[in-house]
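Structure record follows, encoded as structure tokens.
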Amino acid sequence: MTQPRRFHLQRDHDVTGVSGVGRVANGVLWPDGTVTIRWTGDRPSTVHWDDLAHAHHVHGHGGHTRIVWADPEPTVDDYPMADGCPHCPDGHTSPDHGQPWGVHIGPERYENGQPIRIYVQRTGGAHVAESDAEWIRTRLNGSQP
């Protein structure tokens, strides 16, 4: 996804008695996979989530709240670098285009407590391929294999 995608939360049954029913929040799914939700009502607030599935798990109330998209779902044509990867429904983009990369230190440690692994991955949870690994190796090591 290269552009933000708008949605709202439509609540059919208010299990908590707080938000009411109908359109209870407006949201944006950002190209990196993160989500911003703006609650409506007497006490509006804004919440940011790392993943839409997590937000829906907390606020979906077992199916009583639905995500209603205002913008169409992206297609392969929306990804200029897509090569039709069979594992990725929206096409596999080149490593330097599309979703950004994230890096974090893994939990693995030497006996003295020092970390031993760095993980590199697409921040939005996108599929990766061997071509992505080669692209990263080349950038870290130059043209060495």
Side-chain angles (χ1 to χ4, degrees), residues 1-110 112-141:
M1 186 172 84
T2 59
Q3 297 295 318
R5 189 173 179 210
R6 298 169 300 146
F7 64 92
H8 73 267
L9 298 181
Q10 182 74 26
R11 185 156 291 156
D12 300 317
H13 174 70
D14 186 4
V15 295
T16 64
V18 175
S19 301
V21 296
R23 187 175 185 150
V24 295
N26 298 300
V28 176
L29 173 62
W30 299 103
D32 67 357
T34 61
V35 175
T36 302
I37 297 175
R38 177 71 178 167
W39 293 94
T40 61
D42 295 337
R43 294 178 203 93
S45 62
T46 304
V47 191
H48 302 283
W49 292 86
D50 288 338
D51 185 286
L52 181 59
H54 297 161
H56 192 247
H57 177 78
V58 171
H59 299 295
H61 295 288
H64 294 294
T65 304
R66 296 174 284 120
I67 297 169
V68 178
W69 294 101
D71 297 318
E73 185 170 1
T75 65
V76 171
D77 295 335
D78 295 322
Y79 294 84
M81 304 295 282
D83 65 1
C85 177
H87 304 289
C88 201
D90 53 7
H92 189 79
T93 57
S94 81
D96 58 352
H97 181 78
Q99 292 185 354
W101 292 90
V103 179
H104 69 272
I105 301 294
E108 302 87 354
R109 304 277 190 240
Y110 285 117
N112 66 1
Q114 294 295 315
I116 60 173
R117 293 221 167 98
I118 296 175
Y119 289 90
V120 178
Q121 62 192 44
R122 294 279 182 144
T123 59
H127 167 77
V128 295
E130 184 57 38
S131 59
D132 296 322
E134 184 58 35
W135 181 80
I136 291 168
R137 274 193 293 275
T138 300
R139 269 132 196 89
L140 292 174
N141 302 322

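In what follows, every heavy atom counts, from backbone to side chain, and hydrogens, waters and symmetry copies are set aside. For reference, positions follow the sequence shown, starting with 1.
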### Task
Just jot down the side chain to side chain contact (heavy atoms under 4.5 Å, CB included) partners of Val21, sequence neighbours excluded, or say none.
Asp14
### Task
List for me each residue that meets side-chain hydrogen bond (donor to acceptor under 3.5 Å, both in side chains) alongside Thr36, sequence neighbours excluded, and say none if there are none.
Trp30, His48
### Contact summary for Val58 and Trp49, nearest pair of heavy atoms
CG2-CH2, 3.6 Å
#### Entry: Side-chain (Arg109) to main-chain (Gly106) donor-acceptor, under 3.5 angstrom
yes
#### Entry: Over all atoms of both residues, closest heavy-atom pair of Ala25 and Thr40
N-OG1, 4.1 Å
### Query
Considering residues at least two apart in sequence or located in another chain, which fulfil the side-chain hydrogen bond (donor to acceptor under 3.5 Å, both in side chains) criterion with Arg6?
Asp71
### Task
Kindly compute the distance separating CG (Asn26) from NE2 (His8), expressed to the nearest 0.5 Å.
8.0 Å
### Message
Check this for me: Leu140, atom CG, are more than 12 non-hydrogen atoms of other residues, nucleotides or ligands nearer than 6.0 Å?
### Response
yes
### Query
Side chains of Ile118 and Ile105: does their closest heavy-atom pair fall under 4.5 Å?
yes
### Message
Using every non-hydrogen atom in the two residues, find where Phe7 and Val28 come nearest and quote the distance to one decimal.
### Response
CE2-N, 3.4 Å
### Task
Check salt bridge (charged side-chain N to carboxylate O under 4.0 Å, His left out) between Arg23 and all other residues, then give those that pass, not counting sequence neighbours.
none
### Task
Measure from the side-chain N and O atoms of His56 to the backbone N and O of Asp51, and report whether any donor-acceptor pair falls under 3.5 Å.
no
#### Entry: Sequence-distant partners of Asn112, side chain to side chain contact (heavy atoms under 4.5 Å, CB included), two or more places apart
Tyr110, Gln114
### salt bridge (charged side-chain N to carboxylate O under 4.0 Å, His left out) partners of Arg117, counting only residues at least two apart
Glu108
## Note on the structure
Between the CG atom in Leu52 and the CD1 atom in Ile67, the distance rounded to the nearest 0.5 Å is 4.0 Å
